[in-house]
Amino acid sequence: MTASCIFCKIVDKQIPAKIVHEDEDVMAFHDVNPEAAVHILVVPKMHVQNVVQLAQNEQLLSKVVQIAGQIAKERSGGEFRLLFNTGKSAGQSVFHAHGHVLSNKTSGETDVV
Ligand code: 5GP
Ligand code: ZN
């Protein structure tokens with residue numbers, strides 16, 4: 001937990017998010033400012049700055065990608081973009097690694113809330 005990190009606060013349930021998946025290692029929740037019909041962020045619970053740091057833990061990176069695929073299977077028929085902005089000039093604004101699951105194709109499960 002990094003005190004000033006907004007995604008650590010979401011993981012810690014100090015601030016609310018529309019959570020779609022949670023296990024001991026990974027959380028996924030809706031992006032607050034969606035840019036596609038399906039726009040979900042998949043984050044490791046552990047604070048690491050970006051996907052390159054996340055890749056130092058191969059199992060955790062693999063799990064993040066697998067959860068992204070599972071969410072996309074449920075919500076967009078398994079077709080999606082998985083985007084990791086890395087660095088400020090590349091558009092990263094939250095420095096806790098996160099994959100954007102993006103798709104304009106929707107299917108299956110949607111949220112009740
Ligand atoms: P980045 O620009 O770092 O790749 O992506 C950060 C994403 O986090 C943005 O798409 C932004 O809309 C989203 N975001 C920022 N703050 C919050 C928040 O408090 N809650 C949620 N659910 N998403 C957030
Ligand atoms: Zn964090």
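Just so you know, these numbers use all the heavy atoms, side chains as well, and skip hydrogens, waters and symmetry mates. Atoms within each ligand, like the ligands themselves, are counted from 1 in listed order.
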Is it true that, when you exclude K73 itself, more than 12 heavy atoms of the residues, nucleotides or ligands shown sit nearer than 6.0 Å to its NZ? no

K63, K45, M46 screened by side-chain contact (heavy atoms from CB on, under 4.5 Å) with V26, the one that passes: K63

Does a side chain donor of either H39 or H100 reach within less than 3.5 Å of an acceptor in the other side chain? yes

Residue contacts for ligand 1, heavy atom to ligand atom, distance under 4.0 Å: I6, F7, I10, F29, H30, D31, V32, N33, L41, N85, G91, Q92, S93, V94, H98, H100

Looking only at heavy atoms, the pair that brings N50 and V52 closest together is OD1-N, 3.0 Å

Decide whether S62 and E58 meet the rule of one side-chain donor and one side-chain acceptor closer than 3.5 Å. no

If you consider just the N/O/S atoms, which atom of H47 is the closest one to the Zn ion (ligand 2)? ND1

Please report the closest heavy-atom contact between F80 and A72, naming both atoms and the distance. CD2-CB, 3.3 Å

From R81 atom CZ to S103 atom OG, the distance as rounded to the nearest 0.5 Å: 9.0 Å

Which N, O or S atom name in H96 marks its closest approach to the Zn ion (ligand 2)? ND1

